[in-house]
Asks: 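Have a look at this one before I ask anything.
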Amino acid sequence: MAGLSDAVVAGVYEHPTRWAPDKTAYQIHAESARGALADAGLAIGDVDGFFTAGVGPIGIMTLAEHLNLTPRYHDSTNIGGSSFVAHVLHAAAAISAGLCSVALITYGSTASSDRFAVGTGGVSAGDPPDQFESPYGPTVLGSYALAAQRHMHEFGTTSEQLAEIAVTIRRHAGLNPAAKFREPIAVEDVLASRIVSSPLHLLDCCIISDGGGAVVVTAAERARDLKKKPVRILGGSEGLCHTSMGVRDLTDMAASQSGPRAMAMAGVTHADVDMCMIYDSFTITVLETLESLGFCKRGEGGSFVQSGRIGLGGALPVNTDGGGLSSNHPGMRGIFLVIEAVKQLRGECGERQVKDCEVALCHGTGGMLGLRHSGVTMVLGRGR
Amino acid sequence: MAEKKYAKPLPRVDEESKGFWEACRRHELYVQRCGQCGALRYYPRALCPGCLSERVEWVRCSGKGTVYTFTVTYQNQGAGFRDELPYVLAYVELEEGVRMLTNVVGCKPEDVCIGMPVEVVFEDVTPEATLPKFRPVS
């Protein structure tokens, strides 16, 4: 099978900033590119494939200009926060097909210092379905809350169980010096925080920060002599959920489409996965993703996340960097899922290192859970 | 005191949606059924996504349904909404079988629950636009 076996992640970089009022997003992209290329031991002149999203409809051209790149392959797929996980997959496919040899994926945003309302602003895209939605005031947060409410109703999931996710991920953030919020929180703190869109509390929601990052993908052959041990891209797949002509089940996520395909391609079972990086826009996103990926049965996510299972030292550590719930969320955090997974597989995570980490699964979710969203699953493996 | 201008987004009526919105102005609720394969659909569109037929039947709805899910929204910085917090955003499952995103009105937000029987109520928000919303069945 052709697959993606030829491509590896050669370099990653997470921009340390969480607040950058004097920088543009473009500068953060450039600084992140420099960081990831240095990590890989490659030069900007080696880059012949370029991937980004979130810089406007044709922003990839302006950004390529800013970096003075003239790539022979470019892709600015924008499917929300999961875009950058998709970019890594697309880069792997492009490299396997010989369309480029060194792919650079960058992200940068000043959402926080721009005071951009990531989750609670009005939504009005002007697309056909928008006229049936925007008059009623859906927010990004509200669209996830609709799913959370339904999940609670069908399966008896509780606010305490959702809160456990926020508490666990905050504990991980405490071990990440770059995380924006590091003070431990308890379940009671989450429940005592104000309800923004019922049943979700403020501490069920991701934070808003500035930030960025970059990933370098190249062929296994090329990576052999590079600085860092390459991380293998074992498999990946994508999925979409929308209102399905009016009969969508809100407890199902695109992850139930992409997850099984990605794991089959990678040749791994759930028991093989040592850690997960799951897009945590809201606590409910993590819970429904774990179910949809098949780590537990539908409806059992609430009890699954309790008893320390998803914490460091547990059976399936999730979001060891502190996630979007506590470390950073500049609007589209997919790239950080890949960056942390790669660092874990290389054993570079210090205090928050998952022991003997050989297989990591990333799952990005983009869009609005209760309306339409994308899912991208990617399985990464420790280099040999 | 000058009357406050309606600030929320209004439906942008197009060829595909015209029949739905015109019916709403008459205080009638319709969904579409494919004239070829019989699949029901909401929101309305010109071609059936299942079989790509453009034969459309408009199905008059009873206006009755139940709350499939909802959220009480306490924060929305969007124009119009920020002045009316909290409000209830909901999916209502119509008797005919499709789910509509809408608002539940006519009761306290804390009284809304999943499974609650509701009925359509038409709000003439501007001279040109009427929005179907839902209220508890009295």
Side-chain angles (χ1 to χ4, degrees), chain A residues 115-155 193-202 204-205 242-251 282 284 368-372, chain B residues 8-14 16-17 20-21 31-32 34 39-46 48-50 67-82 84-91 93-94 96-103 109-110 112-115 123 125 129 131 133:
Chain A
R115 298 271 172 221
F116 177 59
V118 173
T120 56
V123 177
S124 184
D127 297 326
D130 186 53
Q131 63 192 298
F132 303 98
E133 297 166 355
S134 64
Y136 302 109
T139 61
V140 174
L141 169 51
S143 82
Y144 286 77
L146 289 170
Q149 194 84 259
R150 184 71 200 178
H151 202 281
M152 289 177 163
H153 173 78
E154 280 191 36
F155 306 114
S193 64
R194 71 187 162 90
I195 291 183
V196 188
S197 196
S198 72
L200 298 178
H201 298 78
L202 183 66
D204 284 304
C205 304
H242 42 64
T243 55
S244 303
M245 296 163 67
V247 292
R248 162 89 191 290
D249 174 357
L250 287 194
T251 66
F282 305 97
I284 186 64
M368 297 170 75
L369 182 53
L371 299 176
R372 55 198 64 80
Chain B
K8 296 177 190 174
L10 288 166
R12 204 164 71 181
V13 183
D14 53 45
E16 295 185 285
S17 65
F20 177 86
W21 292 117
V31 296
Q32 289 178 323
C34 174
L40 208 63
R41 62 182 188 254
Y42 182 80
Y43 59 94
R45 56 208 97 166
C48 169
V67 174
Y68 169 75
T69 190
F70 71 98
T71 178
V72 184
T73 307
Y74 291 91
Q75 190 175 334
N76 180 348
Q77 291 147 34
F81 296 107
R82 59 176 170 251
E84 291 184 14
L85 299 168
Y87 62 89
V88 179
L89 177 74
Y91 271 112
E93 183 164 309
L94 301 178
E96 289 74 17
V98 290
R99 295 174 193 146
M100 290 180 61
L101 194 72
T102 187
N103 296 130
E110 56 269 32
V112 177
C113 63
I114 291 177
E123 278 188 15
V125 296
L131 298 177
K133 298 186 177 181

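A, B, ... follow the sequence lines: proteins, then strands. Residue 1 opens every chain.
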Asks: Do side-chain atoms of B/T69 reach the backbone of A/L146 as a donor and acceptor pair under 3.5 angstrom?
Replies: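 Answer holds: yes.
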Asks: Only pairs of heavy atoms separated by less than 4.5 Å count here; which of B/T71, B/V31, B/L85 has the most with chain A?
Replies: B/T71
Asks: Using every non-hydrogen atom in the two residues, find where A/M245 and B/R45 come nearest and quote the distance to one decimal.
Replies: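 Reported closest heavy-atom pair: CA-NH2, 3.8 Å.
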Asks: Mind listing the closest non-hydrogen atom pair of B/I114 and A/R150 along with its distance?
Replies: CG2-NH1, 3.4 Å
Asks: Between the side chain of B/Y87 and the main-chain N/O of A/G137, is any donor-acceptor distance below 3.5 Å?
Replies: yes
Asks: Taking side chain as everything from C-beta outward and backbone as N, CA, C, O, which of these in A/R248 sits under 4.5 Å from a heavy atom of chain B? Side chain, backbone, both or neither.
Replies: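 Contact with chain B: backbone only.
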Asks: Step by step, would you call A/L250 with B/Y68 a side-chain contact (heavy atoms from CB on, under 4.5 Å)?
Replies: CA-CA 10 Å; A/L250 287 194; B/Y68 169 75; 3.8 Å; yes
Asks: Can you say whether B/L94 sits under 4.5 Å from chain A via the side chain, the backbone, both, or neither, judging by heavy atoms?
Replies: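 For B/L94, no heavy atom lies under 4.5 Å from chain A.
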Asks: Report the relative orientation of the aromatic rings in A/F132 and B/W21; use parallel for angles under 30°, tilted for 30 to 60°, perpendicular for over 60°.
Replies: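 Aromatic pair A/F132/B/W21 classed parallel.
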Asks: For B/Q75 versus A/R194, what's the shortest heavy-atom pair and its separation?
Replies: OE1-NH1, 2.9 Å
Asks: Do B/L101 and A/T243 have side chains that get closer than 4.5 Å, going by heavy atoms?
Replies: no
Asks: Count the heavy-atom pairs under 4.5 Å between each of B/N103, B/L131, B/V88 and chain A, then report the option with the highest count.
Replies: B/N103
Asks: Using modelled atom types and a 3.5 Å cut-off, is there a donor and acceptor pairing between side-chain atoms of B/Y91 and backbone atoms of A/G370?
Replies: yes
Asks: Enter the distance from B/Y42:OH to A/S244:OG here, rounded to the nearest 0.5 Å.
Replies: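 Output value for this atom pair is 15.0 Å.
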Asks: Under a 4.5 Å cutoff for heavy-atom pairs, which residue among B/A39, B/G97, B/S17 has the most contacts with chain A?
Replies: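 Between B/A39, B/G97, B/S17, the count favours B/S17.
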Asks: Please flag which part of B/R82 lies under 4.5 Å from any non-hydrogen atom of chain A: side chain, backbone, both or neither.
Replies: neither
Asks: Can you tell me how far the CG atom of A/L141 sits from the OG1 atom of B/T73, to the nearest 0.5 Å?
Replies: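 It is 8.0 Å, given to the nearest 0.5 Å.
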Asks: Without swapping roles, check the side chain of A/S198 against the backbone of B/V72 for a donor-acceptor pair under 3.5 Å.
Replies: yes
Asks: Between B/K133 and A/Y136, which heavy-atom pair has the shortest distance, and what is it?
Replies: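 Heavy-atom minimum between the residues: CG-CE2, 4.0 Å.
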Asks: Minimum heavy-atom separation for A/P129 to B/Y43, with atom names?
Replies: CB-CE2, 3.5 Å
Asks: Using non-hydrogen atoms and a 4.5 Å limit, figure out which bit of B/A129 sits close to chain A: side chain, backbone, both or neither.
Replies: neither
